[in-house]
Amino acid sequence: RMMKSKMPCRIDINRLNAPLLKIYESLIPAEEEKVKQKQLLTMLEKIVSKEWPNAKLFLYGSCANSFGVSKSDIDVCLAIEDEGIDKSEVLLKLAELLQSDNLQNVQALTRARVPIVKLMDPVTGISCDICINNVLAVINTKLLRDYSKIDVRLHQLAFIVKHWAKSRGVNATYQGTLSSYAYVLMCIHFLQQRIPAILPCLQVLETTYKVTVDDIECAYFDQVDSLVDFGAQNKECIAQLVWKFFNYWAYCHDYANSVISVRTGRILSKQDKDWTRRVGNDRHLICIEDPFETSHDLGRVVDRSSVRVLREEFERAAQIMQFDPNPCESLFEPY
Ligand code: GTP
Ligand code: MG
């Protein structure tokens, strides 16, 4: 691990602004990627509508929430009448249809936590996961997209944090680290907490959008075009925000007692959520409340050893931002 003594002189953080913005821009997908995604979706719609004429396909995840970096896989949700269907059967049928339409690497994962069919389209080269009736994911995708329209610094911060997490190997829920969705929520919450705030809390403003999904009411203010000046009082630049973000998670977050909550724009206590001990496989060592499924902790996958890895990586990043002579390289160095 990085020793402070090797890098004694503190650097001027603002100097990192231009190189970080350059990295951010290099991660933004080209317009033609969007075109290819649409093309694939249209083809999937054709295949699906033959078998299920009333079904609809929705994009969700990073291809639709605006936080997708270049060359990402796409996430698709098949919305189909619920009554009396067996999800596994639908997935197996879907896999069969896709296979006979020359899609490659078709695999139905019916036993996964979120059952899906995986495929690769040889024409566009895009890989895709299709799930069934995961409507909440479609709604939280819209929430993230709406947040991203308020202040460009969210987009910049989240791209850099995601890129860092992928480079450093801490973006894999099956290894006990955090999902991209969790990292974006951490960025939103962090910007809600700045003084002055850079982002509002959309779920405490007047309701302009409301849907009920699986008995969960999802309501928030979605007229975000009226909020584009919200963060203007705050002049912090991206380099400062990246540094302070890592600093927060390295040295300031109270892992023993705190839950971050985008829903309220505040920090809640683990005590109040009853997230103080391990229940089954949910350990609550780093607590990130889902904005709609409030009983859902996105940090539940993190165990004792991976929380240590995460915290060491946050510290490493904070140290690099402050002391490394070449921070933009070291930060994203493969682990
Ligand atoms: P990348 O694929 O890494 O670019 O990011 P992504 O935004 O697609 O995130 P990810 O693959 O982690 O998740 C896809 C979507 O699933 C998210 O955007 C959410 O809408 C939804 N989702 C809902 N609950 C969860 C959860 O507990 N874990 C994960 N990973 N995703 C969830
Ligand atoms: Mg994804």
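Counting starts at 1 for both ligands and their atoms, in listed order.
In this structure, Tyr60 has a heavy atom closer than 4.0 Å to ligand 1. For Asp75, the heavy-atom gap to ligand 1 drops under 4.0 angstrom. Heavy atoms of Arg145 stay at 4.0 angstrom or farther from ligand 1.
Considering only heavy atoms from C-beta on, Leu78 stays 4.5 Å or farther from Leu91 through its side chain. Counting heavy atoms from C-beta outward, Val262 and Cys201 have side chains that stay 4.5 Å or more apart.
Between Asp290 and ligand 1, no pair of N/O atoms sits closer than 3.5 Å. On a distance-only criterion, Lys166 and ligand 1 share at least one N/O pair closer than 3.5 Å.
Within the 4.0 Å heavy-atom criterion, neither part of Glu293 lies near ligand 1. The part of Leu298 lying near ligand 1 is the side chain, judged by heavy-atom distances below 4.0 Å. Contacts between Asn65 and ligand 1 below 4.0 angstrom, taking non-hydrogen atoms only, involve the side chain exclusively. In Lys142, neither the side chain nor the backbone holds a heavy atom less than 4.0 Å from any atom of ligand 1.
Residue contact check: Ala137 has heavy atoms under 4.0 Å from atoms 20 (O), 21 (C) of ligand 1. Within ligand 1, the atoms closer than 4.0 Å to a non-hydrogen atom of Lys162 are 1 (P), 4 (O), 5 (O), numbered from 1 in the order shown. For ligand 1, the atoms closer than 4.0 angstrom to any heavy atom of Thr141 are 20 (O). Of all atoms in ligand 1, listed by their number and element, those nearer than 4.0 Å to a heavy atom of Arg113 are 26 (C), 27 (O), 28 (N). Using a 4.0 Å cut-off to heavy atoms of Arg300, the atoms of ligand 1 that qualify are 27 (O).
Salt-bridge formation is not detected for the pair Arg278/Asp282: no Lys NZ or Arg NE/NH1/NH2 atom is positioned less than 4.0 Å from an Asp or Glu carboxylate oxygen. In this structure, Lys244 pairs ionically with Glu236, as a charged nitrogen and a carboxylate oxygen lie closer than 4.0 Å.
The side chain to side chain donor-acceptor pair (under 3.5 Å) analysis of residues 197-214, with sequence neighbours excluded, yields the pairs Thr208-Asp222.
Using cut-offs of 30° and 60° for the angle between ring planes, the Tyr220 and Phe292 rings count as tilted.
With ring centers used as reference points, Trp164 lies under 6.0 Å from Phe246.
Under a cut-off of 6.0 angstrom, the local environment of CZ in Arg194 is crowded, with over 12 non-hydrogen atoms contributed by other residues, nucleotides or ligands.
Around the Mg ion (ligand 2), the protein N, O or S atoms closer than 2.8 Å are Asp75 OD2, listed by chain and residue number.
Protein heavy atom nearest atom 3 (O) of ligand 1, with residue, atom name and distance: Ser180 OG, 2.5 Å.
Ranked by closest heavy atom to atom 19 (C) of ligand 1, the top entry among Asn140, Leu143, Leu136, Asp297 is Asn140.
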Hey, can you pull the donor-acceptor pairs under 3.5 Å for the side chains in residues 96-107, sequence neighbours left out?
| from | atom 1 | to | atom 2 | distance (Å) |
| --- | --- | --- | --- | --- |
| Ser100 | OG | Glu96 | O | 3.1 |
| Ser100 | OG | Leu97 | O | 3.0 |

Show me, pair by pair, the donor-acceptor contacts under 3.5 angstrom made by side chains of residues 120-136, not counting sequence neighbours?
| from | atom 1 | to | atom 2 | distance (Å) |
| --- | --- | --- | --- | --- |
| Asp121 | OD1 | Val123 | N | 3.2 |
| Asp121 | OD2 | Thr124 | N | 3.2 |
| Asp121 | OD2 | Thr124 | OG1 | 2.6 |
| Thr124 | OG1 | Ile126 | N | 3.3 |
| Asp129 | OD1 | Lys118 | NZ | 3.2 |
| Asn133 | OD1 | Ile80 | N | 2.8 |
| Asn133 | ND2 | Ile80 | O | 3.0 |
| Asn133 | ND2 | Asp82 | OD1 | 2.9 |

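Side chain of Ser330 to backbone of Pro327: no donor-acceptor contact under 3.5 angstrom is found.
Seen from the ring of Phe332, Arg168 does not count as a face-on cation partner, given the 6.0 Å and 45° thresholds.
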